[in-house]
Structure formats: C-alpha cells, structure tokens
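Taking it in order: structure first as structure tokens, then the write-up.
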Amino acid sequence: MWRDPARDPGERADALLAGMTLQEKTAQLFGVWVGASDEGAEVAPHQHDMEEPVPLDDLLPHGLGQLTRPFGTTPVDPALGALSLLRTQRRIAGANRFGIPALAHEECLAGFAAWGATAYPVPLSWGATFHPELIQDMAAAIGRDLRAVGVHQGLAPVLDVVRDARWGRVEESIGEDPYLVGTIGTAYVRGLESAGVVATLKHFAGYSASRAGRNLAPVGMGPRERADVILPPFEMAVREGGVRSVMHAYTDTDGIPSAADERLLTGLLRDTWGFEGTVVADYFGIPFLQTLHGVAGSLGEAAAVALTAGVDVEFPTVKAFGAPLRDALARGLVPEAAVDRAVRRVLIQKAQLGLLDADWDPTPAALAGTDAHTDADTADLRGTVDLDTADNRALARRVAEQAVVLLRNDGTLPLAAGRAPARIALIGPNADTPTAVLGCYSFPVHVGSQHPEAPAGIELPTLREALAAEFPDSEIVTAPGTTVDGTGTDGFAEAAELARGAGLVIAVLGDRAGLFGRGTSGEGCDAESLALPGVQEQLLDTLLDTGTPLVVTLLAGRPYALGRAADEAAAIVQTFFPGEEGTTALASVLSGRVAPTGRLPVSVPRLPGAQPSTYLAARLGHATEVSNIDPAPAFGFGHGLTYTTFDWSHLVVENEEAGTDGEFELACTVRNTGARRGTEVVQLYLHDPVASVVQPVQRLIGYVRVGLAPGEAAEVRATVPADLASFTGRDGHRIVEPGELELRFSASSTDARLTARLELTGPVRTVDHRRRLHADFQVTHRQER
C-alpha cells in the first residue's frame with residue numbers, strides 16, 4: 001500500500017512504518033554529508049573537522065534519510081553531479097529492503113549553491129526590492145534548477161529579523177522589520193515550493209537577537225519581543241506559504257536552547273500554528289546541546305532532548321540520532337513513540353516527493369533522454385546542464401536593479417548620455433574585485449574559495465568592467481586605495497591624485513564575504529562596530545578633501561556609518577551583495593538607464609557605535625534628554641530616492657472609528673511631478689500613542705509599489721483590519737485594545753507624508769494565530785495634466 005501514489009501520504013507512511021525495525025526507523029532521521037563526483041561516480045562522504053568518517057557500507061543496509069549538500073561540497077560539473085547523485089540514489093535504494101531513496105538537500109540562500117549556478121542577490125537585497133512577486137519568481141527559478149538535478153529540499157529562506165547589524169549574518173536576513181521579512185520570505189517559500197522543492201524556514205527562533213551581534217551568543221530577549229518581532233515572519237510563512245520544513249536555531253533564549261524547546265517546536269509550531277512538515281537540525285545543532293549548551297551529558301541525552309522537543313532530522317550527518325539515540329531508547333530516556341512520530345513525518349514528505357512510488361526513477365529531469373541510466377562512458381555529459389541560463393541571469397539582473405537604493409543625490413546622478421565626465425576615477429577596494437558582489441553562501445565564496453584551482457563557473461564582471469561598458473566615451477582610471485579590511489594607507493596618495501585629475505570620483509567600498517572570520521561579512525564574521533572595515537572611512541575622507549564630486553557606492557553585507565560622506569558626498573548608492581548581475585545593475589542605475597526603486601530594508605546608522613538599534617524602537621530607544629547619544633539613523637528604514645519627484649495629497653478617511661473587531665478604510669493620492677517614470681513605495685505605519693505595554697513608536701503594517709509615468713497619479717486605498725493593531729499584552733496573550741491610533745502613509749520610517757488619526761472602540765479583544773495579517777491595498781491609476 002505504501003507504494004501506491006493514489007493513497008493518502010499519511011496512510012502510506014503508517015503502512016511502511018509498521019514494518020520497519022528500530023534501526024531502520026532511526027536511519028530515516030539523519031543525513032550524511034557527501035560530495036558528488038566530478039566524474040559521475042557515486043558520492044563520497046565529506047570529511048569535516050566536526051565529523052568522524054561515515055561508513056556508508058554499514059549504514060545503507062538500514063536505509064538513509066538524507067544526503068547533505070552533494071552539489072555544495074566541492075566544484076562539480078552539474079550534469080556529472082546529477083549523474084553522481086543518480087547513481088548514489090540507486091545504491092541507497094538497492095541496499096535497503098524497502099527500496100527507499102534519500103532526500104537530498106542543498107543551500108539556496110542566494111541561488112542554488114552549486115558550481116556554475118546563477119548567483120542571485122543576497123536576501124538583504126530581496127528586502128530592498130519591497131517586491132514579493134519578483135522574489136517569488138526568483139525562488140521558483142532556483143527551485144526548478146534544484147529539482148532538475150535531483151535535489152528535493154532547499155535550506156532557505158532565513159526569516160531572522162535583524163536586531164543588531166553587527167551580526168555577521170545580516171546579509172542572509174531580509175531586513176529589520178517583521179512584516180517586510182514575513183511578506184518577502186513567504187513569497188520566497190511559495191516560489192520554491194511551486195517547483196516541488198521543500199522550503200526550510202530558518203532559524204527558529206531568535207538567532208538574530210544574540211547579544212552584541214555575536215554569532216551563537218545567548219539571546220536575552222523577553223517573551224514579548226520574541227512574540228511580536230521574531231515570530232511573526234515564521235507564523236506568516238507557515239500559515240500562508242505552504243512551507244514543509246523548519247530549521248531550529250542554534251541559540252538559547254533565557255536559558256532554553258531552541259533545539260530543546262518543546263513549547264516552541266511542538267507547542268507553538270505544531271499544536272498552535274498547525275505545521276505538519278519536518279523540523280530539521282541546524283548543522284551539528286543536536287550535539288551542541290551537549291558541547292555548547294551543557295543541557296545534555298552525552299550524545300544520547302542530546303538526542304533524547306531534541307527528539308522530545310520536536311526535532312525530526314539530524315543535519316548534516318549522523319552523530320546523535322544513530323547509535324546514541326538507540327542507546328537513549330534502551331535506557332528509557334525517550335519513548336519509541338517519539339521516534340515513530342518523527343519517522344512518520346519524514347516518510348510522509350518522501351511520499352509527497354514521489355520517493356516511495358512504485359515507479360520511482362532516480363533520473364532527474366536534467367538527465368532525461370540521456371544514456372545516464374547505463375554504465376556507459378559519461379564524458380559527453382560534461383557541460384550539458386546549464387544552471388546559469390540567460391533567463392536566470394535576466395531575472396538576477398531584475399532583482400539586482402530593483403534592490404539598488406539611492407540614499408543621497410545632489411543632482412549629480414544620473415550620469416545620462418552627454419553628462420558623464422570625460423574621466424572617471426574609480427577608487428576603492430571593491431572597484432575591480434569580481435567576487436565583491438557575492439555573499440558568503442554563494443558557491444564561489446562558500447566553497448570555491450577552498451578550491452582556488454577551479455574557475456568560478458559563472459561570469460562576474462567587476463564594476464570597472466561594467467562602467468567601461470556603460471560609459472564607453474569616458475576614461476575609467478582605477479586605484480584600490482586600500483584593501484577591504486587592511487590598515488595600510490600607502491595607497492591614499494595615488495587615489496587622491498587620480499581623484500583630483502578626474503571629473504567625478506566613484507568610491508567603491510564595503511565588505512568581503514567569508515566564513516568564520518575569513519571575511520568582514522558572513523557567518524561568524526561579526527563586527528565590533530558599524531564603522532566601515534579597515535581604513536575605508538579614512539579613504540573616503542581623503543577623497544572628499546580633493547573637492548572632486550564624489551559618488552559613494554557600497555557593495556556590502558550590512559549597513560555602515562559613512563561619516564562625513566552622509567552629508568558631503570554628491571550621491572550615495574547602497575547595494576547589498578547584488579549577485580553576478582550586480583555590477584551591471586549598478587552601472588545602469590548610475591547612468592539612469594534604469595531608475596532606482598530600492599528602499600532600505602535596514603537603517604543606515606549615523607554613528608558606528610549606536611547599536612543595537614533598529615527603527616522598531618520604543619520612545620526611550622530614540623534620542624532623549626537623559627543620554628548624550630542620539631541613535632537616529634543617517635538614513636532610516638524604508639528610505640530610498642528616485643530620479644523623479646512625487647506629490648502625496650488628498651488623504652481620505654472613510655471612517656475615523658472602528659470596533660476592535662472592525663477595520664479602517666483610508667486613501668491618498670500619489671502623483672509623479674517629475675519628468676521621467678518612477679516608482680514610489682507607499683509604506684503604511686501604525687503608531688499607538690497609549691498602550692498597556694510599551695510599544696515601538698511605529699511599525700510597518702503594509703506597503704505597495706506604485707509605478708507612475710510623468711504626470712500620472714494613482715489613488716492608493718488601504719483597508720486596515722483592527723487585527724494589525726494587536727500586540728502581546730501583559731498576560732502574554734495577543735490583544736487589540738481600544739484607544740487612539742495613527743496610521744501614517746509614509747515614504748520611509750523617517751518621512752511620514754499623511755497621517756490619519758483614528759480610534760478603536762469597544763472592549764479589549766483577544767486574538768490568536770487566526771487573526772488577519774495584512775492590509776488590503778488597491779491602486780487606481782489616472783492621468784493628470
């Protein structure tokens with residue numbers, strides 16, 4: 001019965017589970033970290049300093065739950081990697097008595113993390129687009145590539161809300177606002193799942209709130225911050241995205257590690273929100289219960305604690321859920337029913353993916369029609385699978401273009417035809433560096449950096465090359481000035497000389513992505529402050545002192561304080577690791593061929609040490625008379641300029657009062673008063689003047705992109721349910737309180753344009769996970785003279 005695709009997946013899983021031995025059950029609960037063969041042979045276990053050699057011959061007769069990163073471990077031609085995975089799946093299915101293959105997973109934080117696959121912009125750039133539909137399209141393309149070569153699960157999106165921009169993994173996050181993170185992240189989930197790939201939410205929950213922005217540091221937030229800031233994006237993706245997997249966070253909150261938190265992983269995620277998929281461990285997260293958190297005395301105890309809490313699958317390899325788990329079962333530390341519960345979830349997912357079907361075939365779509373099913377010579381396969389198609393690159397370019405944020409402009413930009421100076425000085429450590437556009441989870445950085453003999457696998461034009469193509473009549477002269485994180489200033493003199501002899505200086509500053517201290521941004525690359533790395537700010541000041549107009553461009557993984565340049569630069573253009581098409585996108589915005597539409601997903605600080613601070617601050621988090629530090633940003637969340645101007649007018653409030661179970665309807669008119677087409681991002685913020693618990697001064701509750709031709713206007717109408725005013729009350733329940741509210745149509749968190757003063761009436765109302773999560777926007781265009 002369990003082979004029959006016409007039967008319910010749960011019934012199929014139950015039937016299969018009933019016939020399995022304990023060792024066959026536990027074998028479905030872990031993965032093995034492997035690397036595909038560039039010759040098409042079977043995968044080989046990956047050796048890592050946190051692993052012992054894995055004896056596949058001993059494991060496979062009992063089955064295997066997962067294959068970890070077959071494409072993302074070593075550079076491998078995609079076609080031969082797919083063949084390697086195919087042959088391995090045959091071996092796995094043939095070695096166990098039920099013929100069950102493994103589920104293969106890969107990273108896809110900025111595209112499929114495989115050699116030769118498209119490197120899309122990082123998640124912080126997704127947030128900068130304020131465009132969920134575009135991100136859904138991107139995720140669908142990533143999912144199709146994953147599925148085409150035999151991968152079933154993608155480890156994305158990251159739904160951690162940025163709480164401290166010093167944290168190295170800010171580049172992997174979508175932004176500092178839970179509504180933006182939730183809407184963009186849910187769109188990514190829908191796209192990936194639409195391609196038949198299991199999306200994985202991470203990191204559940206609180207990882208981004210680690211103290212002082214240090215990776216894996218303890219989290220000190222209270223339950224209200226967790227409920228109102230950290231959890232909403234996950235709730236939205238579970239309720240609306242159809243997500244099928246969740247990864248626990250490494251961190252502990254108030255002494256409880258996420259991997260051991262039954263109230264979080266079972267009580268909230270499953271019992272309350274109704275999640276039915278698998279909970280997977282972040283890499284080595286279960287052993288960390290013993291080695292880092294000290295809540296288990298052995299691997300067996302760690303396995304028992306995690307399984308009881310609700311972790312179903314151990315990643316990346318078997319350490320706790322193998323023999324140590326069976327030992328814990330024998331000692332009575334955990335009941336076998338907990339194993340059955342987890343295995344059932346795994347088998348249901350395999351049934352949904354077709355891995356249990358009677359006619360299951362390991363041949364992926366990319367190898368369909370080839371002779372890969374034979375043992376014939378495979379040399380002709382090399383180069384036949386393209387994971388970086390023209391369509392992919394066009395989509396990557398669209399995302400990169402819409403993620404460019406124009407922070408400041410005195411009129412110098414755009415450098416349209418005839419306006420570009422004859423000589424442009426391109427100065428900075430990222431001016432002529434191909435990988436400056438890539439985040440730490442892109443394949444060339446994440447894996448390729450360990451294989452310097454291998455080519456990048458994709459084209460990575462530098463900004464120098466992109467500008468030379470964009471401005472063929474201008475002479476581009478280049479000097480690095482300094483390195484990204486170096487302390488030497490010997491190159492300043494050459495940079496200043498080039499600047500003085502040019503009509504315009506473009507400074508190209510920012511980060512170098514890396515892992516665990518090998519970069520200035522990325523996992524384990526946390527910052528002491530938000531000053532530009534190394535001596536880049538001093539280089540910036542040197543360039544300002546030359547008097548030549550200066551355009552600052554940033555290729556970075558986090559926002560940085562820019563010192564004098566925030567007020568003195570001719571223009572500032574912010575990008576967050578915009579991917580392989582990023583320099584082309586940046587050059588097209590500088591020239592004006594593409595109009596900037598991006599908005600900041602994180603605030604850009606004025607002071608490098610005024611952290612942690614996001615726009616979601618209560619009154620005492622803003623400037624006060626009792627502190628000499630003003631944490632106000634140089635450029636606030638949601639900020640972004642265009643090459644045209646917009647007028648906001650005609651605020652209409654249909655009802656100034658509504659019950660705590662009702663809704664408000666309001667509208668405004670936005671008109672393009674400039675000479676070229678542009679896009680305004682209308683943002684709606686809620687301000688609650690008096691509440692029973694301290695609230696942020698304002699928070700985003702909705703947004704909509706409005707594209708307008710010159711002279712064109714649009715009415716933006718919003719229907720706002722009272723549920724969006726809810727927050728966690730004193731007793732821990734989410735409530736809607738009566739009282740005054742302000743709804744602000746805004747261009748950013750620091751630029752409110754029209755404010756509606758409203759009132760909620762009636763009793764305090766308790767709401768739960770069934771509450772409404774969105775305002776409804778309607779945009780009606782009309783031409784005006």
Side-chain angles (χ1 to χ4, degrees), residues 110 119 121-122 124-125 128 168 170-171 400 403-405 407 424-440 442 444-445 448-449 456 458-470 476-489 491-492 494-495 498-499 504-514 518-522 525 527 530-543 550-563 565 569 571-590 604:
V122 299
L124 203 57
S125 275
V170 165
E171 65 172 70
V404 174
V405 187
L407 299 183
I424 298 173
L426 190 64
I427 308 295
N430 283 337
D432 205 18
T433 304
T435 55
V437 294
L438 300 179
C440 77
S442 65
V445 171
S449 60
I458 53 176
E459 294 296 323
L460 294 170
T462 67
L463 188 56
R464 179 188 60 79
E465 293 168 333
L467 290 177
E470 192 75 24
I476 311 290
V477 293
T478 308
T482 185
T483 59
V484 166
D485 54 352
T487 57
T489 59
F492 282 21
E494 179 190 6
L498 288 181
L504 179 74
V505 178
I506 299 177
V508 196
L509 310 174
D511 280 312
R512 182 186 69 255
R518 296 192 291 273
T520 60
S521 173
C525 298
L530 294 182
L532 280 162
V535 293
Q536 291 185 70
E537 185 175 341
Q538 293 95 306
L539 174 62
L540 201 50
D541 289 345
T542 298
L543 297 175
L550 173 67
V551 174
V552 179
T553 60
L554 294 146
L555 297 167
R558 62 164 65 85
Y560 286 107
L562 301 175
I572 303 173
V573 182
Q574 174 79 65
T575 65
F576 299 107
F577 290 141
E580 65 180 69
E581 292 288 332
T583 56
T584 301
L586 183 51
S588 68
V589 169
L590 292 174
V604 171

Suppose we screen for side chain to side chain contact (heavy atoms under 4.5 Å, CB included). Which residues come up paired with [X], at least two apart in sequence or across chains?
| X | value |
| --- | --- |
| Thr584 | Arg397, Pro461, Glu581 |
| Pro121 | Ser125, Val399, Ala400 |
| Pro434 | Leu460, Thr462 |
| Val445 | Leu438, Ser442, Ala513 |

[atom2] on [Y] to [atom1] on [X], rounded to 0.5 Å:
| X | Y | atom1 | atom2 | result |
| --- | --- | --- | --- | --- |
| Thr482 | Leu540 | OG1 | CG | 12.5 Å |
| Thr583 | Glu470 | OG1 | CD | 10.5 Å |
| Asp432 | Arg464 | CG | CZ | 4.0 Å |
| Leu550 | Ile572 | CG | CD1 | 8.5 Å |
| Ile506 | Leu543 | CD1 | CG | 12.0 Å |
| Asn430 | Leu554 | CG | CG | 9.0 Å |

I need the minimum non-hydrogen distance between [X] and [Y], along with the two atoms involved.
| X | Y | answer |
| --- | --- | --- |
| Ile458 | Ala119 | CD1-CB, 3.7 Å |
| Ala436 | Leu555 | O-CB, 3.6 Å |
| Ala479 | Ala495 | CB-CA, 4.5 Å |
| Val505 | Ala499 | CG2-CB, 3.4 Å |
| Glu171 | Phe577 | OE1-CE1, 3.2 Å |
| Ala456 | Pro444 | O-CG, 4.1 Å |

Just jot down the side chain to side chain donor-acceptor pair (under 3.5 Å) partners of [X], sequence neighbours excluded, or say none.
| X | answer |
| --- | --- |
| Asp485 | Arg512 |
| Thr553 | none |
| Glu580 | none |

- Task: State which residues pass salt bridge (charged side-chain N to carboxylate O under 4.0 Å, His left out) with Glu537; sequence neighbours excluded, sorted by chain then number.
- Result: none

- Can you find a heavy atom in the side chain of Cys525 that is under 4.5 Å from one in the side chain of Thr520? no

- Message: Between Gln536 and Pro533 (side chain of the first, backbone of the second, donor and acceptor by atom type, cut-off under 3.5 Å), is there such a pair?
- Response: yes

- Message: Checking the side chain of Asp511 only, and the main-chain atoms of Gly557 only, is there a donor and an acceptor separated by less than 3.5 Å?
- Response: yes

- Do Leu509 and Tyr560 pass the side-chain contact (heavy atoms from CB on, under 4.5 Å) test, and can you show the C-alpha distance, the side-chain angles, and the key distance before you say yes or no? CA-CA 10 Å; Leu509 310 174; Tyr560 286 107; over 6 Å; no

